[in-house]
Asker: 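Below is one structure. I have some questions about it.
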Amino acid sequence: MNIIVFVKQVPDTNDVKWTQNNNIDRTNMESVLNPSDKQALEASLNIKEKTNAKITAITMGPKKSVAVLKEAIAMGVDNAYLLCDSKFAGSDTCATSKVLSSAIKEKFPETNIILFGQTAIDGETGQTGISTATRLNLPCISNVNEILEINDDSITISTETEHEKTTFKTQIPCALCINNYIYKPRIPKIEGYMKSQDFIYHTFDMYDLNLKPEEIGVKGSPTYVSKVFKSEEGRNCKIHTSDEENYIETTIKEILEQ
């Protein structure tokens with residue numbers, strides 16, 4: 001069984017800078033492995049322990065994104081690839097899914113399961129996994145909490161949203177989006193760190209994936225960020241004396257009834 005886990009390097013949310021196009025400037029930022037993607041990595045490693053699957057981690061980004069691939073290798077992933085091209089810069093979820101799906105079609109057509117984190121902390125759209133699966137014409141289940149059963153032909157999983165918990169069974173190949181805070185990602189062992197330092201990763205660019213400039217990056221993105229700003233938190237307090245007890249009780253009741 002072959003598993004692909006798409007991972008993403010995201011900015012430290014305390015140190016975000018922006019380009020003139022209102023995209024995140026990833027060149028000199030402090031970065032981490034997206035938390036949901038780390039959950040997806042752990043889910044893939046759990047499958048590997050049950051099925052002897054081969055796991056490949058893939059990330060799209062600048063050359064420094066190799067850091068998240070090294071982290072994936074240290075955790076126990078078998079192989080890793082970087083999708084890197086200046087033409088990829090500024091891609092929204094639509095253009096990103098075009099790149100990721102092309103990577104599967106062109107380089108990894110024998111993939112059985114594709115795993116994504118449910119969301120990325122630099123966008124929180126939750127669209128990339130579903131969009132990629134749609135382009136590949138694969139069944140996709142999001143908000144995955146647990147993989148209950150897996151065999152060569154099908155997989156059974158449980159999902160959880162703010163509204164309900166549900167169990168699904170779907171055919172393989174398929175795509176799954178893993179919820180955050182579900183798994184406890186393992187701490188790499190010394191031999192894992194050693195392997196990650198010596199690991200030679202491979203890079204695919206636009207031409208390797210048979211893509212055109214107008215399909216990707218800013219040109220291939222139908223959505224864009226029109227404005228960004230840092231919200232200012234403020235609190236307006238009113239002090240009420242005990243003489244206004246009835247007023248306070250009435251106000252609280254009105255708020256609860258809204």
Side-chain angles (χ1 to χ4, degrees), residues 1-8 10 33-60 68 72 75-81 92-105 107-186:
M1 180 171 291
N2 297 312
I3 301 175
I4 296 288
V5 186
F6 282 109
V7 297
K8 186 177 184 181
V10 294
L33 173 59
N34 182 54
S36 285
D37 298 343
K38 204 166 187 177
Q39 297 287 310
L41 283 171
E42 183 60 33
S44 73
L45 293 168
N46 287 347
I47 296 174
K48 180 179 178 179
E49 291 170 351
K50 298 175 183 177
T51 65
N52 294 318
K54 297 296 182 183
I55 306 173
T56 298
I58 301 177
T59 191
M60 170 182 160
V68 297
M75 288 178 66
V77 165
D78 301 293
N79 215 339
Y81 292 85
D92 67 357
T93 54
C94 181
T96 297
S97 69
K98 180 71 173 178
V99 176
L100 303 189
S101 61
S102 294
I104 297 294
K105 291 177 183 177
K107 301 299 178 180
F108 307 97
E110 302 301 318
T111 300
N112 302 107
I113 299 176
I114 307 173
L115 295 180
F116 300 85
Q118 181 65 32
T119 59
I121 60 174
D122 60 350
E124 294 289 347
T125 65
Q127 297 173 349
T128 302
I130 297 170
S131 299
T132 303
T134 299
R135 291 184 183 276
L136 294 169
N137 196 29
L138 292 177
C140 180
I141 301 176
S142 61
N143 296 295
V144 174
N145 258 17
E146 185 180 1
I147 296 171
L148 302 174
E149 184 179 349
I150 184 169
N151 55 50
D152 292 338
D153 302 317
S154 65
I155 185 168
T156 304
I157 53 90
S158 66
T159 68
E160 182 175 1
T161 67
E162 62 271 25
H163 302 296
E164 62 182 357
K165 294 182 179 180
T166 313
T167 298
F168 291 99
K169 183 177 182 179
T170 187
Q171 66 187 42
I172 291 176
C174 66
L176 305 175
C177 302
I178 310 298
N179 271 337
N180 207 354
Y181 309 116
I182 301 303
Y183 293 95
K184 183 179 181 180
R186 65 195 63 195

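Computed from a predicted model, the values in this text were never measured in an experiment.
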Asker: Among Thr170, Ile150, Leu176, which residue satisfies the side chain to side chain contact (heavy atoms under 4.5 Å, CB included) criterion with Ile157?
Answerer: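 Filter result, single survivor: Leu176.
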Asker: Mind checking the CD1-CZ spacing from Ile114 to Phe6? Nearest 0.5 Å is all I need.
Answerer: 6.0 Å
Asker: Do Arg186 side-chain atoms and Gly76 backbone N/O form a donor-acceptor pair below 3.5 Å?
Answerer: no
Asker: Between Lys38 (side chain only) and Ala72 (backbone N and O only), is there a donor and an acceptor less than 3.5 Å apart?
Answerer: no
Asker: Atom CG of Asn52 and atom CD of Glu49: how far apart are they, to the nearest 0.5 Å?
Answerer: 10.0 Å
Asker: Please determine whether a side-chain nitrogen of the Lys or Arg among Lys184 and Glu42 lies less than 4.0 Å from a carboxylate oxygen of the Asp or Glu.
Answerer: no
Asker: Taking the side chain from Asn112 and the backbone from Ile3, do they hold a donor-acceptor pair closer than 3.5 Å?
Answerer: no
Asker: To the nearest 0.5 Å, what is the distance between OG (Ser44) and CD1 (Ile55)?
Answerer: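 Answer for the OG-CD1 pair, Ser44 versus Ile55, is 3.5 Å.
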Asker: Could you note down all residue pairs passing side-chain hydrogen bond (donor to acceptor under 3.5 Å, both in side chains) where residues 139-148 supplies at least one of them, sequence neighbours left out?
Answerer: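 Every pair satisfying side-chain hydrogen bond (donor to acceptor under 3.5 Å, both in side chains) with a residue in residues 139-148: Asn145-Glu160, Asn145-Asn179.
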Asker: What's the verdict on side-chain hydrogen bond (donor to acceptor under 3.5 Å, both in side chains) for Asn151 and Ser154, showing C-alpha distance, side-chain angles and the deciding distance?
Answerer: CA-CA 6 Å; Asn151 55 50; Ser154 65; 3.3 Å; yes
Asker: Is the NZ atom of Lys107 crowded by more than 12 outside heavy atoms at less than 6.0 Å?
Answerer: yes
Asker: Using the test ring pair (Phe, Tyr, Trp, His ring centres under 6.0 Å), find all partners of Phe108 that sit at least two apart in sequence or belong to another chain.
Answerer: Tyr81
Asker: Of all heavy-atom pairs between Gly117 and Asp37, which one has the smallest distance, and what is that distance?
Answerer: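 Here Gly117 and Asp37 meet closest at N-OD1, 3.2 Å.
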Asker: State whether the side chain of Thr111 and the backbone N or O of Ile113 hold a donor-acceptor pair below 3.5 Å, judged by distance alone.
Answerer: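 Side chain of Thr111 to backbone of Ile113, a donor-acceptor pair under 3.5 Å: no, none is there.
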Asker: For the residue pair Asp78 and Ala53, what are the closest heavy atoms and their distance?
Answerer: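 Nearest heavy atoms, Asp78 then Ala53: OD2-O, 3.9 Å.
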Asker: Would you give the length of the straight line joining atom CD1 of Ile130 to atom SG of Cys140, rounded to the nearest 0.5 angstrom?
Answerer: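 Answer rounded to 0.5 Å: 5.5 Å.
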Asker: Roughly how far, to the nearest 0.5 Å, is CD1 of Ile4 from OG1 of Thr56?
Answerer: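 Going from the OG1 atom of Thr56 to the CD1 atom of Ile4 covers 4.5 Å.
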Asker: Using side-chain heavy atoms (C-beta onward) and a distance below 4.5 Å, is Thr119 in contact with Thr125?
Answerer: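 Thr119 vs Thr125: side chains apart.
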Asker: Using a 3.5 Å distance criterion without hydrogens, assess whether the side chain of Gln39 forms a donor-acceptor pair with backbone atoms of Ile182.
Answerer: yes
Asker: Is it the case that over 12 heavy atoms from other parts of the model lie below 6.0 angstrom from the CD atom of Glu110?
Answerer: no
Asker: Sub-3.5 Å donor-acceptor pair from the side chain of Thr128 to the main-chain atoms of Thr93, do we have one?
Answerer: no
Asker: State, with a plain yes or no, whether a side-chain heavy atom of Met75 is found less than 4.5 Å away from one of Leu45.
Answerer: yes
Asker: With a 6.0 Å cut-off (strictly less than), is the heavy-atom count around NZ of Lys105, excluding the residue itself, greater than 12?
Answerer: yes
Asker: How long is the straight-line distance from OG of Ser131 back to NZ of Lys98, given to the nearest 0.5 Å?
Answerer: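 One gets 12.5 Å once the value is rounded to the nearest 0.5 Å.
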